[in-house]
Amino acid sequence: MLQLENYIAGEWVKGAGEGQLLYDAVTGEPLAAASTKGIDFKAALEYARNTGNPALRRMTFHERGNMLKALAIHLRTHLDKFYALSYRTGATRADSWVDIEGGIGNLFANASLRRKFPDSPFCIDGESHNLSRGNTFMATHLLVPKEGVAIHINAFNFPVWGMLEKIAVNLLAGVPAVVKPATATAFLTEAVVKEIIASGILPKGALQLLCGSAGDILDHVGSQDVVTFTGSASTGLMLKSHPVILRESVPFNMEADSLNCIVLGKTVNPGTAEWDIFIKEVRKEMTTKAGQKCTAVRRIFVPKDKLEDVQRALAVSLAQTTIGNPLNEKVRMGSLAGQQQRREVKEQVSKLLASSQLIYGSLDSVEVMDADAEKGAFLSPLLLLNENPFHTSEPHEIEAFGPVATLMPYDNIDDAIALSKKGKGSLCSSIVTGDDREARDYVLGAATHHGRILVLNETCAKESTGHGSPLPLLVHGGPGRAGGGEEMGGMRGVKHYLQRTAVQGSPTTLTAITGVYQQYAKGNTGGIHPFKKYFEELRIGDQLITEKRLITSEDIDQFADLSGDHFYAHLRDTDFNDTMFEQQVAHGYLIMSLAAGLFVDSYEKNPVLLNYGIDELRFTKPVYPGTELHIRFTCKEKITQDKKEDTDIPRGIVKWLVEMLDDTDEPLVGVATILTMVRRREE
């Protein structure tokens, strides 16, 4: 019997005792045993805080992102091993692809997210704020990695994706993790972690694994830690109410199973593209992963006059699903994760039948291919019908976590919205409609109760990722029963593991603290032109104050002719009564162009490779003929760029604060942040 190991404090160790037996979901044969008995959970958390956390905090966002990329590339070389184990959880090839390669894809996605952060261990959050008339006192917000550890308590249905989508975010933020997968499928999680550790890519203490009970781990969490949970709402509530979680105000992110729903629009009729899309989407959501997805459709709302047509179409579609051994290429739906899971699903369906009737499938028998229907945890897709959804509570409160959904009628779109809310909060909802007004009404009416809403129609269906697919750049979570949490979501997810702190002081001091130039801070003037410096030689605050340039009416006329912009305010003979201007005014883009002419050193080749773009540009004061313009040009921020090819020129992006001033110096005529690509000396 295989004994799963725990990875604790840099060592692979087995728990004491016989542990919990794990079974092959397809054959019912004992597969492994898992135990965490004897593990010192307090010591595991301290090791993460004292060893893993400092190592990750010293790394920059870019270094952490490149670490995730290297890890994803490494794991892709071991796919065959992972797939072989995944089949034993009852998952088909397609199911396993979502779990395994979807999880690895999450690493890649979060690795790419590094480009939205600075090449430093921390970052500024949002805009800075000038708090004084004399420009000597200001404030900004910093985000720094927490000094604790992320404790991830995961569900059984996605043993790879569930781990990787979470650790990708906390590792990018600079926080280590202790992962506790659901025991039933922990053998697959263990195999992935063994490859992660063997790669040597992560620093020591960045990742630990518990295969078995979570023991008393929550007794030892602190205010700098973050706990995440994926699973049932009842278990989540129990964990969230732990006295230490409450006493220490430990951030707790919960993603709970919910009564997700799909709506067929009133305007959709049999034979249309949207009708076929709807039937296909419902079948996919009921049978993918044998319905064992926290995002799976549980409630199906259709117009009352189309109820019978939908019922017949779904029955035909579900009948095409071949169930059996996931190793067989003809099989489209495998088994549930185990016998215990099958028993629980049947119990929940029995409760649903108190107010609904079974219109497709059987609780007692299922035809399977290349497998034993009793030894394996197989179950037929089960479609129920509830004709009184406003007067019965069961379909809106009871979830059968398997290939089970309930069909219900509605009269109008307001009824559909109201029924969707009876689930008291879900991870996702979908509406299939070709009517954009109907889509708008549903989304705005239902959004308060759903973490994500998909609008499906003929235009997007071919490329849509589908109802049940959480994506790295979108939040994954939902209000109410769904747990009230948010996972992933691009930069939003990373911020769960960062502490936001407001910092006040002088612009010069905050520039020194943040590593980003703050407007009105003291600049580094003198020396060679900033454009003659390589990326490494530039210092934040390097500043150039240019000569002056007289703006004439001829300049404005010529720019109007050259650009074709003959807006009335730029013409000499305009009657300026009842306008915002006193006389002919210079084009904003003329001012920006002249600014470039003042600060660019263009006489000889230099380390600046190209102009990369403008992030912000504002024209704040009219410029009339006779005005003398000069520029305060300051190095604001530096971001190293990775090479995509070995032959690429080593380079980085430099952000420059461009302040355009007239004879009065204040207020500014205009302000911009321009980006240049600058050569690095170092390979």
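We count residues from 1, following the sequence as given.
- For the atom pair CD (Glu487) and CD (Glu165), the distance works out to 4.5 Å, reported to the nearest 0.5 Å.
- The environment of Lys375 atom NZ is sparse: at most 12 non-hydrogen atoms of other residues, nucleotides or ligands sit within 6.0 angstrom.
- Within a 6.0 Å radius of CZ in Arg492, other residues, nucleotides and ligands contribute 12 heavy atoms or fewer.
- A donor and an acceptor atom, one from each side chain of Asp219 and His242, are located under 3.5 Å apart.
- In this structure, the side chains of Ile217 and Lys180 stay at 4.5 Å or more apart for every pair of heavy atoms.
- Looking at Arg299, His449, His450 one by one, the single match for side-chain hydrogen bond (donor to acceptor under 3.5 Å, both in side chains) with Ser420 turns out to be His450.
- One finds the CD1 atom of Ile245 at 12.0 Å from the CZ atom of Phe229 (value rounded to the nearest 0.5 Å).
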(request) Could you walk me through whether Phe378 and Val26 pass the side chain to side chain contact (heavy atoms under 4.5 Å, CB included) test, one step at a time? (result) CA-CA 8 Å; Phe378 295 101; Val26 177; 4.1 Å; yes
(request) Starting from the C-alpha separation in whole Å, work towards a yes-or-no answer on side chain to side chain contact (heavy atoms under 4.5 Å, CB included) for Lys289 and Val98. (result) CA-CA 9 Å; Lys289 267 280 181 177; Val98 174; over 6 Å; no
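- A donor atom on one side chain and an acceptor atom on the other are found under 3.5 Å apart for Asn260 and Ser258.
- Electrostatic pairing of Glu63 and Arg58 does not count as a salt bridge here, judged by no charged N lying under 4.0 Å from a carboxylate O.
- Between Glu101 and Arg76 there is a salt bridge, with a side-chain nitrogen of the basic residue lying less than 4.0 Å from a carboxylate oxygen of the acidic one.
- Closest of all the heavy-atom pairs between Pro395 and Thr406 is CB-CG2, 4.2 Å.
- Rounding to the nearest 0.5 angstrom, the gap separating the CG atom in Leu314 from the CG atom in Leu383 is 5.5 Å.
- Environment of CD in Glu18: sparse, with no more than 12 heavy atoms of neighbouring residues, nucleotides or ligands closer than 6.0 Å.
- Aromatic ring orientation, Trp12 versus Tyr7: tilted (interplanar angle from 30° to 60°).
- Within a 6.0 Å radius of NZ in Lys280, other residues, nucleotides and ligands contribute 12 heavy atoms or fewer.
- Between Asp364 atom CG and Ser380 atom OG the span is 10.5 Å, to the nearest 0.5 Å.
- Between Thr295 and Thr288 the shortest side-chain heavy-atom distance does not fall below 4.5 Å.
- In this structure Ile398 satisfies the side chain to side chain contact (heavy atoms under 4.5 Å, CB included) test together with Gln348, Lys351, Leu352, Glu394, sequence neighbours excluded.
- At most 12 heavy atoms of other shown residues, nucleotides or ligands fall within 6.0 angstrom of atom NZ in Lys424.
- Asn386 and Ser356 share a side-chain donor-acceptor pair at under 3.5 Å.
- The pair Glu46-Arg49 does not count as a salt bridge, with every side-chain nitrogen at least 4.0 angstrom from each carboxylate oxygen.
- The backbone N or O of Glu486 sits less than 3.5 Å from a side-chain atom of His496, completing a donor-acceptor pair.
- With 3.5 Å as the limit, one finds no donor-acceptor pair spanning the side chains of Asp99 and Ser96.
- Using a 4.0 Å cut-off between charged side-chain N and carboxylate O, Arg88 and Asp24 make a salt bridge.
- By the 4.0 Å N-to-carboxylate-O rule, Glu190 lies close enough to Lys194 to be salt-bridged with it.
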(request) Go through Glu399 and Arg481 one step at a time and tell me if the side chain to side chain contact (heavy atoms under 4.5 Å, CB included) criterion holds. (result) CA-CA 11 Å; Glu399 180 180 31; Arg481 178 186 171 121; 3.8 Å; yes
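- The local environment of CD in Glu367 is sparse, with at most 12 non-hydrogen atoms from other residues, nucleotides or ligands closer than 6.0 Å.
- With 3.5 Å as the limit, one finds a donor-acceptor pair spanning the side chains of Lys166 and Asn154.
- To the nearest 0.5 angstrom, Gln292 atom CD is 9.5 Å from Thr185 atom OG1.
- Not one N or O on the side chain of Ser223 forms a donor-acceptor pair closer than 3.5 Å with the backbone of Ser249.
- Here Lys293 pairs with Glu285 in a salt bridge; the nearest charged N to carboxylate O distance falls below 4.0 Å.
- With Leu68 as the fixed residue, the side chain to side chain contact (heavy atoms under 4.5 Å, CB included) test singles out one of Leu172, Val169, Leu202: Leu172.
- Here the CG atom belonging to Leu456 is positioned 6.5 Å from the CD1 atom belonging to Ile262, to the nearest 0.5 angstrom.
- The neighbour count for Lys69 NZ, taken as heavy atoms of other residues, nucleotides or ligands under 6.0 Å away, does not exceed 12.
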(message) Checking Leu427 against Glu255 for the side chain to side chain contact (heavy atoms under 4.5 Å, CB included) test, could you report, in this order, the C-alpha distance in whole Å, the side-chain angles of both residues, the deciding distance, and whether it holds?
(response) CA-CA 8 Å; Leu427 297 172; Glu255 185 263 284; 3.2 Å; yes
